[in-house]
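Sharing a structure here in structure tokens format.
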Amino acid sequence: MQINKPHTIRELRQQAQQANHRYLLLVCGERDWCYRYMDTQGGFADIETQVWVTDLALTDRHCIAVSKAQQLLGNEVDLVVYDAYAGFNPDAFGAVSGIVRGGGLLVLLAPQLSDWPDYIDPDYQSLCIHPFKPEQISRRFLTRFLSLVREEINNEEGAIRLIQQGDVFEKQEDASPAFKSSSDASYAISDTLFQDQQQLIAQIIKVATGHRRRPLVITADRGRGKSAALGYAAAELLKQGKQHIIITAPRVEALVSFFRHAGLALNLSRKRNTLQLGDSLIQFIPPDELLRSTPSADLLMVDEA
């Protein structure tokens, strides 16, 4: 491990964009110091899509409470700043880590690593039942998380960037990204698609245009671009002559990525949860309405997330 000048937010973002990877940065220290560090960095102020998960009221930033973090599933952003002082909830942290798009950053604000296990996390209160108190929580998740962080920091090929109050730690320049994905791209719709997304789009089109009526089930980790691939595939099918494609999901808010990528491919804007190209359309219909009305369509897409 080298002790050098730290990466700035701007430098890290440039590296992430060049590699089209997502990076993780831990900013550890007293809470006020963490926010001062972010304020002095710059580089994030001009990022168009960003979310701050915190219990503070930051009037100049898009903030959301930890308890509502899972509502962000289905979105894509360039920057997520998660304030662990507001509650380091595993489900919330997992949800927001999955919405960072390629070339984006996930920044975690937290106590210094040596002090973090002693911090009485606000999230512990929800785990306590009488007569137990928050300070009696075992901290098993945090212990495991910190052990993985330390392994990654001490690994010469590790990817986590760590900046601590009073000490500056920087990983080597050629470190591998924390989130890996293929960089090959050849699909006609977009030269920024990953190889697995290209293959998925081709499979969707094959199923939708083939003679056999068979389902296609897609499984992948969060943040792998499933919704984006669905959007591109739907747009391509409309261009190929499909008249009516239905997309359904538990909530229309979960389809932000789908509609954004389909709209980009068609050069259209969504109107009333619909993209229309001439007489053809891509339409969102809630699951309960689908069961009631059973409308006809060339293809039904279900975005489970």
Side-chain angles (χ1 to χ4, degrees), residues 49 68 70-77 95 98-102 181-182 184-305:
T49 55
K68 297 181 178 180
Q70 294 194 61
Q71 296 178 9
L72 296 170
L73 284 170
N75 290 273
E76 283 188 328
V77 299
I99 70 171
V100 181
R101 65 166 60 98
S181 53
S182 171
D184 294 334
S186 59
Y187 195 75
I189 290 179
S190 172
D191 59 5
T192 62
L193 289 174
F194 298 142
Q195 188 175 24
D196 51 359
Q197 287 178 301
Q198 299 163 27
Q199 294 171 351
L200 173 56
I201 292 169
Q203 290 175 340
I204 295 171
I205 292 174
K206 182 178 180 180
V207 167
T209 56
H211 296 294
R212 295 176 59 188
R213 294 188 176 183
R214 57 182 181 180
L216 174 64
V217 179
I218 303 162
T219 61
D221 293 335
R222 288 174 178 170
R224 298 301 297 172
K226 299 185 296 296
S227 295
L230 286 176
Y232 277 124
E236 182 64 16
L237 286 167
L238 236 61
K239 292 178 182 179
Q240 293 183 15
K242 296 297 181 183
Q243 294 294 305
H244 189 196
I245 295 174
I246 294 174
I247 177 74
T248 191
R251 298 175 296 107
V252 70
E253 291 81 8
L255 297 177
V256 172
S257 176
F258 172 87
F259 275 113
R260 186 172 71 85
H261 288 90
L264 286 172
L266 294 170
N267 195 26
L268 295 172
S269 298
R270 178 174 61 167
K271 295 181 179 179
R272 295 184 179 179
N273 301 325
T274 298
L275 287 171
Q276 186 156 359
L277 182 67
D279 294 330
S280 304
L281 75 157
I282 301 170
Q283 180 184 18
F284 166 73
I285 299 180
D288 56 344
E289 185 178 335
L290 274 178
L291 293 174
R292 286 197 304 268
S293 60
T294 61
S296 61
D298 296 300
L299 178 66
L300 170 64
M301 292 180 165
V302 181
D303 196 331
E304 185 273 337

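The residues of the chain are indexed from 1 along the displayed sequence. This one's a predicted model, so the numbers in the text were calculated from it and none came from an experiment.
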Closest non-hydrogen atom pair between Ser296 and Ile246, with its separation: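 Of all heavy-atom pairs spanning Ser296 and Ile246, the closest is O-CD1, 4.4 Å.
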
Could you report the tightest heavy-atom contact between Ile282 and Phe259, atom names first, then the distance?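 Of all heavy-atom pairs spanning Ile282 and Phe259, the closest is O-CE2, 4.4 Å.
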
Of the non-hydrogen atoms in Ile201 and Ala229, which two are nearest, and what is the gap between them?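 Ile201 and Ala229 have their closest heavy atoms at CG1-O, 3.6 Å.
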
Expected output: side-chain Thr248 to main-chain Ile285 donor-acceptor under 3.5 Å: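 At least one qualifying donor-acceptor pair exists.
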
Any heavy-atom pair between the side chains of Thr209 and Lys242 that's under 4.5 Å?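 Answer yes - side chains close enough.
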
Answer whether the closest heavy-atom distance between the side chains of Leu230 and Ile218 falls below 4.5 Å.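 Side-chain contact under 4.5 Å: yes.
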
Ignoring hydrogens and angles, tell me if any N or O in the side chain of Gln276 forms a donor-acceptor pair with the backbone of Gly278 under 3.5 Å.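 Yes: the side chain of Gln276 pairs with the backbone of Gly278.
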
So, do Leu72 and Val77 sit near enough that their side-chain heavy atoms are less than 4.5 Å apart?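 No; the side chains remain at least 4.5 Å from each other.
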
Quick one: CG on Leu73 to OG on Ser227, what's the gap to the nearest 0.5 Å?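 Leu73 CG to Ser227 OG: 9.5 Å, rounded to 0.5 Å.
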
If you compare all heavy atoms of Ala235 against all heavy atoms of Ala265, which two are closest, and at what distance to 0.1 Å?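 The pair with the smallest heavy-atom distance is CB-CB, 3.5 Å.
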
If we ignore hydrogens and angles and just use 3.5 Å, is the side chain of Asp298 paired with the main-chain N or O of Ile245 as donor and acceptor?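 No, Asp298 side chain to Ile245 backbone: no donor-acceptor pair under 3.5 Å.
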
Euclidean distance, Phe258 CZ relative to Ile247 CD1, rounded to 0.5 Å: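 Between atom CD1 of Ile247 and atom CZ of Phe258 there are 4.5 Å.
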
Which heavy-atom pair separates Ala228 from Glu76 by the least distance, and what is that distance?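 What the structure gives for the nearest pair is CB-OE2, 4.4 Å.
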
For the student: nearest non-hydrogen atoms of Gly263 and Leu275, plus distance: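 Minimum heavy-atom separation between Gly263 and Leu275: N-CD1, 3.7 Å.
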
Is it true that, when you exclude Asp288 itself, more than 12 heavy atoms of the residues, nucleotides or ligands shown sit nearer than 6.0 Å to its CG?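 Correct, the count exceeds 12.
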
Kindly compute the distance separating CZ (Arg251) from CG (Asp303), expressed to the nearest 0.5 Å.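 So the CZ of Arg251 and the CG of Asp303 are separated by 10.5 Å.
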
Hey, are the side chains of Val252 and Arg270 touching, using non-hydrogen atoms and a 4.5 Å cut-off?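 Val252 reaches Arg270 side chain to side chain.
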
With a 4.5 Å limit on heavy-atom distance, are the side chains of Leu266 and Lys239 in contact?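 The answer is yes; the side chains approach within 4.5 Å.
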
Which distance, rounded to the nearest 0.5 Å, do you find between the CG of Leu277 and the CG of Leu238?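 These two atoms lie 5.5 Å from each other.
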
Find the distance between CG (Asn75) and CZ (Arg101) and round it off to the nearest 0.5 Å.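 CZ of Arg101 is found 9.5 Å from CG of Asn75.
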
Could you grab the distance from atom CD1 of Ile205 to atom CG of Leu200, nearest 0.5 Å is fine?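 Reported to 0.5 Å precision, the distance equals 10.0 Å.
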
